[in-house]
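Some notes on the structure that comes next.
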Amino acid sequence: MTTSRPAPFGRALCAMITPFTASGALDLDGAQRLADRLVAGGCDGLVLSGTTGESPTTSDTEKAELVRAVREAVGDRAHIVAGVGTADTRHTVELALAAEKAGADGLLAVTPYYSRPPQDAVEAHFRELADACGLPLVLYDIPGRTGTRIEPETMVRLAEHPRITAVKDCAYDLLGTQKVLAETELAYYTGCDEYALALYAIGGSGYISTVANVTPRHFRAIIDAFDAGETDEAARLQRLTIPLTELMMGLGLPGTVTAKAILNSLSLPAGPVRAPLRPAGREAVDGLLAAFEDLVSAR
């Protein structure tokens with residue numbers, strides 16, 4: 001009974017954290033183990049080297065190594081979308097070509113940040129990227145972080161490009177989102193966990209979730225229930241996620257920090273965060289674990 005449109009990378013995607021060793025080095029073995037757990041938990045796809053994956057503090061070499069390692073671990077069981085967005089068009093293209101060579105299935109590119117380019121420059125940036133690489137491109141619209149929106153009119157024009165196929169939507173503008181859904185065939189994934197069901201119900205394609213790093217099965221169950229026509233159950237499952245989502249995404253700490261805090265407490269691959277991020281304090285960790293345990297027991 002789904003009203004959602006085709007999903008090029010599946011419906012349930014996780015914005016995967018990047019595990020590090022205790023010394024702060026890239027933990028490829030841990031990344032492979034975590035990726036396998038997430039796929040076994042119902043994730044159709046993994047987004048690597050997004051902000052949750054600490055892309056600002058990982059090197060170009062580490063990003064490519066991560067794609068290769070996760071590809072080896074999951075094979076064809078899941079899609080791999082590589083985060084390549086930077087504030088520099090040339091650098092973004094370089095990362096895209098490296099991700100394609102490493103085995104990614106798609107690319108995620110955020111709007112160029114800090115410089116706040118006008119809409120014609122935003123459009124040109126994404127077109128240059130899409131022209132340079134053979135992989136499908138997910139546009140990441142998160143003006144609260146970048147300072148620049150991909151306006152609905154710009155999104156409609158970009159949808160004309162054959163390799164611009166999807167959007168990770170963190171604009172908090174359901175009206176603008178519906179305008180683009182009405183005028184294009186773009187696959188819309190919410191990047192806001194609290195909107196997982198809401199966007200799916202109005203024709204979105206699924207979610208790219210940070211909270212799914214710790215609860216992949218629960219978020220998958222929300223859209224599975226909706227697809228089965230069990231809309232009341234889907235709504236109930238979505239409501240159950242509110243306390244954990246609020247703490248993980250609204251505690252004043254980045255989702256990377258809170259996800260790693262829970263994973264480390266569960267002895268799952270995560271490790272430290274890289275500076276300038278700092279680990280969560282004991283009080284925050286205790287609250288996160290309590291909310292996580294409540295969600296697990298509520299099912």
Side-chain angles (χ1 to χ4, degrees), residues 7 9-19 31 34-35 37-55 78 81 83 108 140 142 144-145 168-172 188-201 204-226 234-266 268-270 273 277 279-280 284-299:
F9 305 109
R11 305 200 180 283
L13 280 72
C14 178
M16 196 177 101
I17 59 105
T18 299
L34 179 61
R37 176 180 181 271
L38 293 171
V39 174
C43 293
D44 300 317
L46 303 172
V47 177
L48 308 179
S49 296
T51 310
T52 301
E54 296 181 75
S55 58
V81 179
L108 174 73
Y140 188 4
I142 182 167
R145 290 284 186 95
K168 181 181 178 183
D169 185 13
C170 288
Y172 286 98
Y188 256 75
Y189 294 93
T190 183
C192 307
D193 291 80
E194 65 272 31
Y195 281 177
L197 178 59
L199 182 58
Y200 197 59
S205 295
Y207 58 78
I208 299 176
S209 168
T210 293
V211 180
N213 276 283
V214 299
T215 58
R217 292 186 187 278
H218 189 97
F219 274 85
R220 179 67 196 226
I222 295 170
I223 61 172
D224 283 349
F226 187 85
R236 183 188 75 85
L237 292 171
Q238 177 73 62
R239 287 194 296 269
L240 289 176
T241 68
I242 292 172
L244 180 60
T245 296
E246 187 172 25
L247 286 180
M248 285 189 66
M249 308 306 292
L251 190 63
L253 297 172
T256 306
V257 173
T258 55
K260 282 194 167 184
I262 295 174
L263 291 170
N264 282 323
S265 297
L266 298 174
L268 293 169
V273 291
L277 296 181
V285 173
D286 289 345
L288 287 163
L289 286 175
F292 169 77
E293 290 165 2
D294 286 346
L295 178 58
V296 171
S297 62
R299 286 289 305 280

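All of these numbers come straight from a predicted model, not from anything done at the bench.
- Across all non-hydrogen atoms, the minimal contact from A261 to A280 is CB-CB, 4.1 Å.
- The minimum heavy-atom distance between A270 and N264, with the atom names listed, is CB-OD1, 3.3 Å.
- In this structure, E54 CD and T18 OG1 are separated by 6.5 Å, a value rounded to the nearest 0.5 Å.
- Partner of T210 under the side chain to side chain donor-acceptor pair (under 3.5 Å) criterion, chosen from T51, T258, T52, D193: T52.
- Nearest heavy atoms, R37 versus V214: NH2-O, 3.9 Å.
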Checklist entry - Y207 and I222: side-chain contact (heavy atoms from CB on, under 4.5 Å), yes or no, with the steps? => result CA-CA 11 Å; Y207 58 78; I222 295 170; over 6 Å; no

Next on the checklist: Go through it in stages, so that I can follow the logic: the residues are L244 and T215, the test is side-chain contact (heavy atoms from CB on, under 4.5 Å), and I'd like the CA-CA distance, side-chain angles, deciding distance and then a yes or no.
Outcome noted: CA-CA 10 Å; L244 180 60; T215 58; 3.9 Å; yes

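- The pair R220-D44 meets the salt-bridge criterion, with a side-chain N (NZ, NE, NH1 or NH2) lying under 4.0 Å from an Asp/Glu carboxylate O.
- Scored by the side-chain contact (heavy atoms from CB on, under 4.5 Å) test, A235 finds L197, R239 as partners (sequence neighbours excluded).
- Counting only residues at least two apart or on different chains, the side chain to side chain donor-acceptor pair (under 3.5 Å) pairs with a member in residues 286-296 are R282-D286.
- Listed here is the closest heavy atom pair of C43 and P216: SG-CB, 3.9 Å.
- Interatomic distance, CG of L199 versus OH of Y188, reported as 8.5 Å (0.5 Å rounding).
- Between F226 and Y200, the ring planes lie perpendicular to each other; the angle is over 60°, past the 30° to 60° tilted range.
- Checked against side-chain contact (heavy atoms from CB on, under 4.5 Å), E194 has the following partners two or more places apart in sequence or in another chain: Y172, C192, T245.
- Closest non-hydrogen pair, V39 versus A78, comes out as CG2-CB, 3.6 Å.
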Next on the checklist: For a side-chain contact (heavy atoms from CB on, under 4.5 Å) check, start with the C-alpha distance between F9 and I208, then their side-chain angles and the critical distance, and finish with the verdict.
Outcome noted: CA-CA 10 Å; F9 305 109; I208 299 176; over 6 Å; no

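- Note that CG of L13 and OG1 of T190 are 12.0 Å apart. Values are rounded to the nearest 0.5 Å.
- Between D169 and Y195 the shortest side-chain heavy-atom distance does not fall below 4.5 Å.
- Judged as a salt bridge (Lys or Arg N to Asp or Glu O under 4.0 Å), not a single pair has a partner in residues 243-259 (not counting sequence neighbours).
- Taking each heavy atom of V273 and P279 in turn, the nearest pair found is CG2-N, 3.9 Å.
- Considering only residues two or more places apart in sequence or on other chains, L240 meets the side-chain contact (heavy atoms from CB on, under 4.5 Å) condition with H218, R236, L237, L295, A298.
- A search for side-chain contact (heavy atoms from CB on, under 4.5 Å) contacts involving A259 returns I17, N213, M248, not counting sequence neighbours.
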Next on the checklist: Between L289 and V285, is the side-chain contact (heavy atoms from CB on, under 4.5 Å) condition met? List the steps.
Outcome noted: CA-CA 6 Å; L289 286 175; V285 173; 4.0 Å; yes

